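Order of the sequence lines sets the chain letters (A, B, ...), proteins ahead of strands, with each chain counted from 1. Everything numeric in this text was worked out from a predicted model, so none of it was measured.
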Protein chains: 2
Amino acid sequence: MADTARRPEPRYGTRPTMKDVAARAGVGLKTVSRVVNAEPGVTPDTERRVQEAIEALGFRRNDSARVLRKGRTASIGLVLEDLADPFYGPLNRAVEEVARAHGALLINGSSAEDPDREQELVLALCARRVDGLIVIPAGHDHRYLEPEIKAGVATVFVDRPAGRIDADTVLSDSFGGARSGAAHLIAHGHRRIGFIGDQPRIHTAIERLRGYRTAMAEAGLEIHDDWVSLGTTAPERVREAVTAMLAGPEPVTAIFAGNNRVTVTAVRVLAAHHRPVAFVGFDDIELADLLDPGVTVIAQDAATLGRTAAERLFSRLDGAVDAPSRVVVPTRLIARGSGEIRPSA
Amino acid sequence: MADTARRPEPRYGTRPTMKDVAARAGVGLKTVSRVVNAEPGVTPDTERRVQEAIEALGFRRNDSARVLRKGRTASIGLVLEDLADPFYGPLNRAVEEVARAHGALLINGSSAEDPDREQELVLALCARRVDGLIVIPAGHDHRYLEPEIKAGVATVFVDRPAGRIDADTVLSDSFGGARSGAAHLIAHGHRRIGFIGDQPRIHTAIERLRGYRTAMAEAGLEIHDDWVSLGTTAPERVREAVTAMLAGPEPVTAIFAGNNRVTVTAVRVLAAHHRPVAFVGFDDIELADLLDPGVTVIAQDAATLGRTAAERLFSRLDGAVDAPSRVVVPTRLIARGSGEIRPSA
DNA sequence: TAGGCCCTGGACAACGTTGTCAGGTGAATG
DNA sequence: CATTCACCTGACAACGTTGTCCAGGGCCTA
């Protein structure tokens, strides 16, 4: 009764360790470890005693210590551009499914399209000793990853290629998709087609622009400077761009949008426009089929993108040592009406 | 030339440690630690030598070891229901912003609405020794968290309340929102109003149903059994439910949808229906304003939900010890047309 | 009954970092 | 010139776990 202070039980705010469990069960430390890890060589009776002690103390293995000892963390990191962008939801989920199937935990964060933040995040994940990384890059120089890769951190880039290093990459066919999208509009009689894309430092933005340019060139069409707008995808800016293209003496009769954020704004502007304008967007958007007209899009398969990247990552972790590969996932044109409008002028 | 094997540099696949850095810089281990952690008491010259060695070796601190020593991980876990659900995107992002502002990493995973998976995930995060947890619960019994909370893991529940334990909670006003949504339809002359909700084991589904019932009762309206459908939100099932409500001798003239997944399916069905039916959905959806008619919704503020929860979490981590609180975030009715249609029969 | 084998359990070191503390060097002061 | 003091630096233990290795005891066989 005198000295309850001699900590008979771990104090509040302190976690029990295997040592505590061992003491309570009256066994050795290693025996507890064996029970916790379901290793063979423990009598059923001993195991029961240990289990009871674990239960009673609320013991939970400290994985930090475990990692320190074992070297592997059974976790992978996913760095994406914007957690709130609906395009990344299915990708994120696909990666998580694969990670889960391999018994790994997924740690993720978003770079907000800022190269410094991307690097900071990636290095923080490396300091946590993730086994592998899946990165949707914001920057263009990933040499900072060299020591990590050399140290055995498997790395796969998705959606955009790595900069200045050679690494596994999984991409959507931005060029081909954009080309077929623009060709679709051309096939429906359009000659003056506008393009609104993301910032030119983003790889997919450049590729999509290139696809548009190629389709136009293949049809022998010139592109007026005023028809192309690249920059941030902030709604007001897109709104201005669309409005500008539709004004003037020679307005465009069709618009091709370079990504989903541009699409939603462009569709809003076009809905309010006095004359029908043909439209094709890159990336599918929810409810696109219910609008009037339905929105024709070049759909990317975000889930396949994520799944493919994650599987590549785990094959690396399982020991694959072949040269870095580049996988291109095809896109699909979904005609819903907006892309099939014929020029009115 | 004889024994290059005496590993002059760390081998491939092995990471340099502070010891390696110390050896190369010709200083003590602790000095390296001081430089890495920007602790005071190192000569500029010594610091430079250490920095060079770090650079040359590509050293990166092992945070697992650090955590083991320090006890805190500077990371929090977020367990949500479905990473691909657009509703959780902004929530996820808001949490990440707050975490980042506090210098913490965010680890997340989704439970896929499976209580066992939720528990598994939460405990895995605890084993990683996250400092805190934000949980969108799938299950109804969170007593398994008691040892964790006792051990000092701050825990906040969002979107749905915790089961059988007392914990901080941040909720949307599901009851009030649903009540005002149903009241809105009643105010526009509807008497026969259908409700399609999620599975009744989900708290928000029950609250929304209760809000609907309350509004009906307050208006002195009876609810026919056939007007209420609760269950999975799989498209075919919702489709059937809507179709059933619109058939028969006394079809509903308005429908209230219990969440965003129900809304998108219901809107599709109603668009194909021969007679206009009033509609209000819980949760906003993108492009709702562009549909014809625009979709009237009860909008939740997912970002505020996430931000509030994260801030509560960090105030706990900073030492707040007051009783668990329950915050209710108000919803907002956004009238866009579909909810203002008057009954046609 | 004795010898040997297998099975179980435990002592100990190591993983890479940080906190503690003591030693050592140089400048400033008496 | 001796002493004090401040400041830098490094040796050492500890965090909680797992791998290695050895000891002891029970059981089977000759």
Whole angstrom is fine here: how far is it from [atom1] in [X] over to [atom2] in [N]?
X        : N      : atom1 : atom2 : result
B:Asp45  : D:dC7  : CG    : C1'   : 16 Å
A:Phe59  : D:dG16 : CZ    : P     : 10 Å
B:Lys19  : C:dT17 : NZ    : C1'   : 13 Å
A:Arg128 : C:dG16 : CZ    : C1'   : 15 Å
B:Lys70  : C:dG19 : NZ    : P     : 4 Å
B:Met18  : D:dC15 : CE    : C1'   : 15 Å
A:Arg66  : D:dC15 : CZ    : C1'   : 17 Å

What string of B, S and - do you get for nucleotides 7-12 of chain C, 5' to 3', if B is base contact, S is sugar-phosphate-only contact and - is no contact with any protein heavy atom under 4.0 Å?
-SBBB-
Taking 4.0 Å as the cut-off, does a side-chain nitrogen or oxygen of [X] come that near to OP1 or OP2 on [N]?
X       : N      : answer
A:Asn62 : D:dC15 : no
A:Arg15 : D:dC15 : no
A:Arg69 : C:dA14 : no

Could you walk me through whether B:Glu97 and B:Arg307 pass salt bridge (charged side-chain N to carboxylate O under 4.0 Å, His left out), step by step?
CA-CA 8 Å; B:Glu97 292 294 338; B:Arg307 194 175 343 103; over 6 Å; no
Hey, does A:Asn37 reach any base, or is it just sugar-phosphate, or nothing, if we go heavy atoms under 4.0 Å?
sugar-phosphate
In plain terms, say whether A:Arg100 and A:Glu96 are close enough for a salt bridge, that is, a side-chain N and a carboxylate O under 4.0 Å apart.
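Looking at A:Glu96 together with A:Arg100, the answer is no, because their closest N to O distance does not fall below 4.0 Å.
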Between CG on residue A:Leu305 and CG on residue A:Leu171, distance to nearest 0.5 Å
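One gets 7.5 Å once the value is rounded to the nearest 0.5 Å.
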Please say whether more than 12 non-hydrogen atoms of neighbouring residues, nucleotides or ligands are located less than 6.0 Å from CD in A:Glu55.
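No, the 6.0 Å shell around CD holds no more than 12 heavy atoms from other groups.
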Report yes if the side chains of A:Met18 and A:Val36 come closer than 4.5 Å at any heavy-atom pair, otherwise no.
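Yes, close enough: below the 4.5 Å cut-off.
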Counting heavy atoms from C-beta on, name the nucleotide in C:dT17, C:dG16, D:dT17 closest to the side chain of A:Leu68.
C:dG16
Worked verdict on B:Val95 versus B:Asn108 for side chain to side chain contact (heavy atoms under 4.5 Å, CB included):
CA-CA 11 Å; B:Val95 171; B:Asn108 58 8; over 6 Å; no
Got a sec, which residues hit ring-ring contact (aromatic ring centres under 6.0 Å, His included) with B:His102, two or more places apart in sequence or on another chain?
B:Phe314
